[in-house]
Each structure stands twice: as structure tokens, then as C-alpha cells.
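Just so it is clear: chains get the letters A, B, ... in the order the sequence lines come, proteins before strands, and each one is counted from 1.
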Amino acid sequence: MVKEAEVRDPLILGKDVTYHSITEDVCRPIESKAGRLWWLVFGISVILAIWGTGMILYTIGRGIGVWGLNNTIDWAWDITNFVWWVGIGHAGTLISAVLLLFRQKWRMAINRSAEAMTIFAVIMAALFPGIHMGRIWLAYFVFPVPNQFGSLWVNFNSPLLWDVFAISTYFSVSFVFWYIGLIPDFATIRDRAKGPIAKKVYGLLSFGWTGNVKAWVRFEEVSLVLAGLATPLVFSVHSIVSMDFATSVIPGWHTTIFPPYFVAGAVFSGFAMVQTLLLVVRKVLHFEHYITFQHIELMNRIITITGSIVGVAYLSELFISWYSGVEYEGYAFLNRATGPYWWSYAIMMTANVISPQLFWFKKLRTSLLFSFFISIIVNIGMWFERFVIIVTSLHRDYIPSNWSMFHPTFVDIGVYLGTIGIFFVLFFGFTRLFPVLALNELKSILKSSGEAYRDKDTGHH
Amino acid sequence: MTKEKFIYGMYNDDDLMIAGIKQLQAKGIHVRDAYSPFPVHGLEDVLGIKWTRIAIAAFIYGITGLTLAVLAINYMMIIDWPLNIGGKPNFHFYQNVPAFVPIMFEFTVLCAGHGMAITYFFRNMTLPGMPARNPHPRTTDDHFAIEIAAKENTNFSKEQIEEMVAESGTVAVFEKERIVKFL
């Protein structure tokens, strides 16, 4: 057995953790009844989800005139929410794919729920371009399908079409990656299930998994290759999303820094969302042995790194808008900071640039309460970043008589809150019905990185 | 559907299982397969099971996807209906190719990922509606089982094999029928 270096802290805490106790711990939420707190938060999410679904149906029924858009600002909360949700999704793939390629074993306690979050977030994101079409029943027009208009094809030069391919590839490959990892764990639940319905359902979900040598060999190879395929996807998807803006000639959008800047921002907000969710999951489902302070600290470090990249990008944009000498570009940035939307710029700067820097203090980055607080602040900040980019660049049109402000209607707000509701309905459902930790992968690191085995064998401590 | 009977030995630790397999192999017994709750590294070498070639399949699917993307884009944007976008040259594929790269890349990944996943499901025979085929429910929890076919070990009687398996550090030895072929 290959041992981890002794200077590394164990990843699975507890002196009496065995293979069986990992199974027990992970299956407990699935096999027991949900507590009152779970029903409370699930109930709130369901109400939000129903309200949001109503608002979405209202939008589809009446057209997007019910949103606060106007002639000047023809893209606002819809695209803000789209970019926000896609960005949040990136952390899951980064944890499951990039950290797998870098052999970071600490990913194993958090990858399952991070991937689930990715999938739910991408579903929420995909909703927005869908309803923004107005006539959602014509959504098949975005795909290169032969149609009744003869030689009418989609435009392969357009970043909006790149988006279609990027998001659908990203979603479906992430989903398959997630599900392949889930199959052996579903088999564990299947083999433990007592009720006939649970046995049937998990039997169906586990696809008749056997766990023989060749199956595991294939499993490992598929995970590795899918990770290799998903890694460039992480970077390509948000780069392409940024090109929706960067290839247009709107001051404030037309910048070459956008792709790396958006990817860093996406990982930044995604890790913040993972942090928010995992701190709650850890507490409620009693996973303190698996999601340790080390995990939280490492995630906070990634938040600090990506937050710093975002900060550097903001400052570079400001510098270049002045240094380029283009007066429209210069005005766009001056207007962002001092114009009528100065408050959203201030929120963005404070939440995204200053707040993650507080994690340089070890006391703060190892504090659960503070991490939770900052993770929420970061997500608010990242929503405002997209709002600032989109709305402040649009609201000062080329002709001053077109200058305008954006006022969200109750439908805008309802759809946004609704997607948060649907997201949490899916996520809370996931925590009760799915194995939240990759339980069988965790067993494979128990002997090398588990506190119980390391200390027994080395006679250390 | 073909079924066959096998002898199974159960261990409660992966290291004990590998030691047990080596002990049995030293006595001349052929262990054909093993079942574990998680991937036990090095087990395929001990049992002489070859590494999978699924990554090569993924590469072929990827190349296929790339080719399809190039052919389709070339047909739609160059041959069938060239779009005049700001008067930029659009009569040949190479004049537009930088703008086609993102979709060529995405489609390569799409085909490689899904092609490999489908191959994986079929090769493992893990498909919706399949029955559980592990010899004991605890092999997905904390136990490890080895599989021995009596007809592959004709030098020994079944009782002798079972006795040797029992002596190799197992917690249980049993005989069970399992599906070996679906068609």
C-alpha cells in the first residue's frame, strides 16, 4: 500500500473508520427519515420553485415584454442569471476533472455533491436562453437541423451558436461523468436496501453493477479519460460565454481579457457555492469526518486565488480603458464606477476583490461561520459583476436620447428567485435520495489517507 | 442466458484478498475474477487481467466527431449557403476556420465522451434493467470475493479447492450460480 507523506494531514478523520462505517455513514440520510429542518428548507424551496415556474409560464404566455427590458437595455437579468448559473456550475467540473488529473485526493469527499451542483446549475442556466427566445417552441432553430426554409442554416461564426454546442456538450458530458461515478454507489445502496420499492428503484439506477476487476479497470480508465475531456470543457465553456460579449462592439464588452477573466470568475463563484452547500451538508448530515477543516481551508484558498485573478482583471480593464485612449471605452468604465449604477460596481468590487483577501488570515479561512458568510457574499458579488458588465454597458447607448435605466419587474425577480428555488429543490432532493459522498471512492483512499490506518501502521502520534 | 456455477471465497480486507490469491496461485489454482466495493489497484496484474482499451475507442470516437463537424460545417457554411458577414472572405473552409474551431472542439468532446460512455456501458453490461450480478451483497460494501471455476482447475476436486480457499484467509466460502452470458 502506498502511504501518503506523513506531513500531510489525514483526509478521513476518526480512529475507528472502516469500509463498513463509510457505507453506513453515507447511506444513513437515504435510509432514515428526514428531519424537521430538512422539510422546512425543502418546503421553502418548493414554494419558490412553484412561484418561479408560474413566472416562467407567464413569460412564455405573454412574451418577454413582461420583463423590464426596453429598447436600450435589451439584455438584463435573463443573461445575468444565465452567466451566473453557468459560472456556478464550473466548480463541480473543476473539482471532479481538474483535481482528478492533478491527483488531488481531497476532491473525493466533495466531488459528488459539487458535480450534482454543476448539473443543477447548468439546468438553471440553460433555462434562461430558452425563455429569452420568447417563442420557446421554436427552440430547435438553434440547432443545425434541416428545415422548411431550404438552405437556412445556423451561423457557425457566431458565439451564440458556439454557446449552444458548448453548453449542451458541457451538460451532457458532466451528467454522464456524474452518473458513471454514481453507479457503483447505487449498487451499494441496492444491496443494502430492505424495502421492495427501494430495492427496485436502486436496482434500476445501478444498472446491474457487478464490481468485478475488469469493470473497475474500465471504471478507472473512463473516469480518467472523461476528466481529460472535461478539463478543456471547463475552460472552453465560460470562454465561449464571455465571447458572447467580447465579440460585439459595445464599450466595456469588447475586450480580449474576457475569456480568462470569466473562467476565473466562474471558478471563483462556483467554489463559493460549493462552500455554501457543503458547510450545510456537512453539519446536517454529520459528515464532519469526511469534509474536514482541511477541505474547507483548501477551498477557501482556491477562492482567494481565483478572487485575486478576478481582482487583477478588474484593475487591468480599468487601466486599459484609460491607456487605450479610446474615449468610449474610458467613459464606459468611468460611468460604471461613478454613474447611476455606482452602487452595483461598489458591491462587485467589495464582494469580489476585497472579501476573499480576508482569507489570507488563517484564523478566518479555517472559521466555518466566516467561510459560510464569505461564500454567500462572493456569490452576491459575482451576480453583480455580470449585472455591471451587462446593464451598465448597455444603459448608455450611442445616442444620449436613448439613455435609460433598467427596472426589473416582479416577473424578472420571480423568475430569478424561482430558479434558486428549483435549484435547491433538486439539491435537497439529491441529499436525501443519492449518495452525497462518493462512498466507494472514499474507501479506496481510506488506507492511504485515513487517520485510522495511517497511525496504526506507522506507530505515529 | 447462460448460467454457470462458481466457487467464491470472501475476504474482509483487500490486502488479505491479494495475499490469499497469491497463496492459491502458488498452489496452482487459477483465480478467474474478483469482486470488490472499490477499485483495488494492482489486482488486475495479480489475476493477469489485461488493461482496458477503452481509451483508444474514445480517441477514435473523438476523431470521428471532429471529421463529422468539419464536413457538416463545410457543407452548411461554405457549400450550401455562404453567409456574407461584413464582407469577410467566406469562399473556402480555411478562410473561416478560426471561427469554426470552438464547435469543432466541442463536437469532438461530445462524440468522444458519449461514445466512450456507451461503449463502457455495453462492455460492462451495466444497462438499465440489468439484474445485480455480484455474488454477495456485501461485495459492494466491505467484503471482497474471489471467483474460481472448478472446470478450470481439473487437477483438484471441488472439495480440495474449497478447502484451499478456506485456508487462504477467507471469512466464508460458498458455491453460487451466476449469469455468464446474456445472449
Using a 4.5 angstrom heavy-atom cutoff, name the option from [options] with the most pairs to chain B.
{"options": "A:P184, A:G203, A:S172", "value": "A:S172"}
{"options": "A:L229, A:V213, A:L226", "value": "A:V213"}
{"options": "A:V222, A:L439, A:I22, A:L204", "value": "A:V222"}
{"options": "A:V173, A:I240, A:I183", "value": "A:V173"}
{"options": "A:A187, A:A230, A:G228", "value": "A:A187"}
{"options": "A:F165, A:Y170, A:F177", "value": "A:F165"}

Where does [X] contact chain A at under 4.5 Å (heavy atoms): side chain, backbone, both or neither?
{"X": "B:F121", "answer": "side chain"}
{"X": "B:R138", "answer": "side chain"}
{"X": "B:L127", "answer": "backbone"}
{"X": "B:H41", "answer": "side chain"}
{"X": "B:M76", "answer": "both"}
{"X": "B:A58", "answer": "side chain"}
{"X": "B:P128", "answer": "both"}

Donor-acceptor under 3.5 Å ([X] side chain, [Y] main chain):
{"X": "A:W162", "Y": "B:V101", "value": "no"}
{"X": "A:W216", "Y": "B:S36", "value": "yes"}
{"X": "A:K214", "Y": "B:T52", "value": "no"}
{"X": "A:T188", "Y": "B:D141", "value": "no"}

Using a cut-off of 6.0 Å, state whether more than 12 heavy atoms not belonging to [X] lie near its atom [atom1].
{"X": "B:K22", "atom1": "NZ", "value": "no"}
{"X": "B:F93", "atom1": "CZ", "value": "yes"}
{"X": "B:R32", "atom1": "CZ", "value": "yes"}
{"X": "B:R53", "atom1": "CZ", "value": "no"}

Trace of the side-chain contact (heavy atoms from CB on, under 4.5 Å) decision for A:R218 with B:T119: CA-CA 10 Å; A:R218 292 194 188 109; B:T119 311; over 6 Å; no

Mind checking whether [X] and [Y] have side chains closer than 4.5 Å, heavy atoms only?
{"X": "B:N96", "Y": "A:F156", "result": "no"}
{"X": "A:H20", "Y": "B:N12", "result": "no"}
{"X": "B:D142", "Y": "A:T23", "result": "no"}
{"X": "A:L152", "Y": "B:W81", "result": "no"}

Between B:F38 and A:L442, does a side-chain contact (heavy atoms from CB on, under 4.5 Å) hold up when you go through it step by step? CA-CA 9 Å; B:F38 57 84; A:L442 275 177; over 6 Å; no

Specify whether A:F219 and B:Y120 have parallel, tilted or perpendicular ring planes, treating 30° as the upper limit for parallel and 60° as the lower limit for perpendicular.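 A:F219 vs B:Y120 ring planes: tilted.
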
Criterion side-chain contact (heavy atoms from CB on, under 4.5 Å) on B:N134 and A:R190, from CA distance to verdict: CA-CA 11 Å; B:N134 46 331; A:R190 166 197 75 197; 3.2 Å; yes

Given a strict heavy-atom distance threshold of 4.5 Å, which part of A:P232 is in contact with chain B: side chain, backbone, both, or neither?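 The answer is both parts of A:P232.
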
